[in-house]
Amino acid sequence: MILDLLFPNRCLHCNRIIEADLLVCDLCFGQIHFTHYDYTKNNPVKEQCQLFFPVENTYALIQFEEENLSRKIIHELKYRNREITGKILAEWTCERLDFKDRKPDLFVSVPLHPKKQRERGYNQLHLYTETLSKYFEIPFDHELIKRNYYSKAQALKNKKGRLETINTFSATQPITGKNILLIDDVFTTGTTISSIAWEVLNAGDNTVSVLVIAMDV
């Protein structure tokens with residue numbers, strides 16, 4: 001209570017004081033560029049994924065553009081030590097995502113290397129994934145895929161560095177006959193998701209779908 005008075009939560013965009021469980025004020029919320037993609041139909045995420053691996057269904061919540069509010073939201077999730085951002089983004093996703101008759105069997109989020117997770121204090125996708133899991137009643141597995149190497153943040157890499165993701169991930173256990181929904185924060189080059197997708201596809205008779213919080217347009 002005292003901390004709330006001394007350090008009130010402020011809108012990421014206009015700096016207006018807002019409630020503690022919000023990211024932006026009502027006025028600025030309208031400036032978030034939601035994609036309105038249909039999970040079961042063709043969309044830009046699916047078009048990009050198909051360049052790298054067979055994909056069933058895809059969805060992105062928001063557009064990740066230069067200098068817009070969506071970028072501030074993603075940076076709040078990843079770099080500002082505010083894990084609750086993942087829960088808020090998941091709630092926005094639950095309001096907009098319709099699996100229809102294509103409900104996946106399992107949620108798997110992109111893992112951090114253990115050293116990176118210790119440095120950050122949390123995996124920015126865990127609370128997001130767990131909130132979706134509870135709402136849609138679909139299990140999640142944070143341990144199915146592991147990151148083999150420690151590396152600097154994607155945002156700090158140049159384009160060449162972002163493409164160097166071969167053998168970055170591996171499956172930790174056999175899995176077969178599942179439609180697995182891979183979850184990441186931002187879709188940029190597609191190489192991170194592709195690397196994980198092939199681990200899942202090669203692990204058994206599985207299919208892959210993709211959910212990203214933001215699509216880099």
Side-chain angles (χ1 to χ4, degrees), residues 3-4 7 9-13 18 20-24 32 60-94 106-134 139-172 180-197 199-200 210-216:
L3 288 177
D4 289 340
F7 305 101
N9 187 36
R10 293 183 178 274
C11 173
L12 293 179
H13 194 56
I18 56 177
D21 59 347
L22 298 178
L23 292 177
V24 296
I32 299 172
L61 177 65
I62 56 180
Q63 296 177 2
F64 188 66
E65 301 165 336
E66 291 290 341
E67 304 304 326
N68 75 350
L69 180 53
S70 299
R71 182 176 291 270
K72 294 179 182 178
I73 291 170
I74 294 297
H75 282 206
E76 187 80 2
L77 172 69
K78 297 180 69 172
Y79 306 119
R80 300 295 176 84
N81 198 31
R82 194 180 177 199
E83 190 175 9
I84 193 176
T85 303
K87 182 175 185 296
I88 296 170
L89 287 165
E91 290 169 350
W92 293 354
T93 304
C94 293
L106 182 68
F107 290 151
V108 174
S109 57
V110 173
L112 294 176
H113 188 274
K115 180 179 177 182
K116 177 64 67 63
Q117 188 160 327
R118 287 194 299 271
E119 291 174 351
R120 186 170 292 176
Y122 63 98
N123 182 314
Q124 71 273 11
L125 292 172
H126 280 183
L127 185 55
Y128 178 82
T129 301
E130 291 160 16
T131 304
L132 294 181
S133 172
K134 182 177 180 180
F140 65 86
D141 189 339
H142 292 325
E143 309 299 327
L144 179 64
I145 299 293
K146 71 173 183 177
R147 186 182 289 264
N148 297 321
Y149 307 107
Y150 175 84
S151 63
K152 61 185 178 181
Q154 287 282 79
L156 301 178
K157 294 181 180 180
N158 57 28
K159 186 173 182 179
K160 180 176 182 295
R162 293 181 187 181
L163 294 173
E164 295 173 349
T165 58
I166 298 175
N167 298 324
T168 300
F169 303 96
S170 59
T172 61
I180 297 177
L181 183 66
L182 303 180
I183 299 175
D184 201 1
D185 44 33
V186 181
F187 189 103
T188 50
T189 64
T191 50
T192 296
I193 283 290
S194 177
S195 180
I196 297 175
E199 288 297 326
V200 170
V210 171
L211 165 61
V212 294
I213 298 173
M215 174 68 177
D216 192 344

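One is the number of the first residue; the rest follow in order along the sequence.
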Trainee: Tell me whether Arg71 contacts the main-chain N or O of Phe64 through its side chain, where contact means a donor paired with an acceptor under 3.5 Å.
Mentor: no
Trainee: Check whether any side-chain N or O of Thr131 sits under 3.5 Å from a backbone N or O of Lys87 as a donor-acceptor pair, and report yes or no.
Mentor: no
Trainee: I would like to know whether Leu12 and Leu69 meet side chain to side chain contact (heavy atoms under 4.5 Å, CB included); could you show each step before the answer?
Mentor: CA-CA 8 Å; Leu12 293 179; Leu69 180 53; 4.3 Å; yes
Trainee: Roughly how far, to the nearest 0.5 Å, is the SG atom of Cys94 from the NZ atom of Lys134?
Mentor: 11.0 Å
Trainee: So, for Leu181 and Leu211, which heavy atoms are closest and what is the spacing to 0.1 Å?
Mentor: CD1-N, 3.7 Å
Trainee: Between Ser109 (side chain only) and Leu125 (backbone N and O only), is there a donor and an acceptor less than 3.5 Å apart?
Mentor: no
Trainee: So with a 6.0 Å cut-off around NZ of Lys72, is the heavy-atom count from everything else above 12?
Mentor: yes
Trainee: Give me the atom names and distance for the closest heavy-atom approach of Ile145 to Ala171.
Mentor: CD1-CA, 3.9 Å
Trainee: Evaluate the side-chain proximity of Phe140 to Glu130: yes if any heavy-atom separation is below 4.5 Å, no if none is.
Mentor: yes
Trainee: Kindly determine whether Val210 and Ile183 satisfy side chain to side chain contact (heavy atoms under 4.5 Å, CB included), including the steps that lead there.
Mentor: CA-CA 6 Å; Val210 171; Ile183 299 175; over 6 Å; no
Trainee: At what distance, to the nearest 0.5 angstrom, does CD1 of Ile196 lie from CD1 of Ile180?
Mentor: 11.0 Å
Trainee: Counting only heavy atoms from other residues, nucleotides and ligands, does the tally under 6.0 Å from CD of Glu143 exceed 12?
Mentor: no
Trainee: Could you measure the distance from the CZ atom of Phe169 to the CG atom of Asn148? Nearest 0.5 Å is fine.
Mentor: 8.5 Å
Trainee: How long is the straight-line distance from CG of Leu89 back to CD1 of Ile213, given to the nearest 0.5 Å?
Mentor: 5.0 Å
Trainee: Nearest heavy-atom pair of Ser70 and Ile32: which atoms, and what distance?
Mentor: OG-CG2, 4.2 Å
Trainee: Report yes if the side chains of Lys146 and Ser170 come closer than 4.5 Å at any heavy-atom pair, otherwise no.
Mentor: yes
Trainee: So, the side chain of Asn9 versus the backbone of Leu22: is there a donor-acceptor pair under 3.5 Å, distance only?
Mentor: yes
Trainee: Could you check whether any side-chain heavy atom of Arg10 comes within less than 4.5 Å of a side-chain heavy atom of Ile18, counting everything from C-beta outward?
Mentor: no
Trainee: Let me confirm one number: the CD-NE2 distance from Gln124 to His75, rounded to the nearest 0.5 Å.
Mentor: 11.5 Å
Trainee: For His126, enumerate each residue passing the ring-ring contact (aromatic ring centres under 6.0 Å, His included) test, keeping only those at least two apart in sequence or located in another chain.
Mentor: His142
Trainee: Can you see whether Tyr128 engages Thr93 through a side-chain donor-acceptor pair at a distance of less than 3.5 angstrom?
Mentor: yes
Trainee: Rounded to the nearest 0.5 Å, what's the gap from OG1 on Thr192 to CG on Leu182? Could you check?
Mentor: 11.5 Å
Trainee: Given 3.5 Å as the limit, does a donor-acceptor pair link the side chain of Ser133 with the main chain of Thr129, or not?
Mentor: no
Trainee: Quick one: does any side-chain atom of Arg147 pair with a main-chain N or O of Thr168 as donor and acceptor, under 3.5 Å?
Mentor: no
Trainee: Looking at every non-hydrogen atom in both residues, tell me the closest pair between Leu132 and Ala90 and how far apart they are.
Mentor: CD2-O, 3.7 Å
Trainee: Determine yes or no for a side-chain-to-main-chain donor-acceptor pair under 3.5 angstrom, with Thr85 supplying the side chain and Arg82 the backbone.
Mentor: yes
Trainee: For the residue pair Leu23 and Ile73, establish whether any side-chain heavy-atom pair is separated by less than 4.5 Å.
Mentor: yes
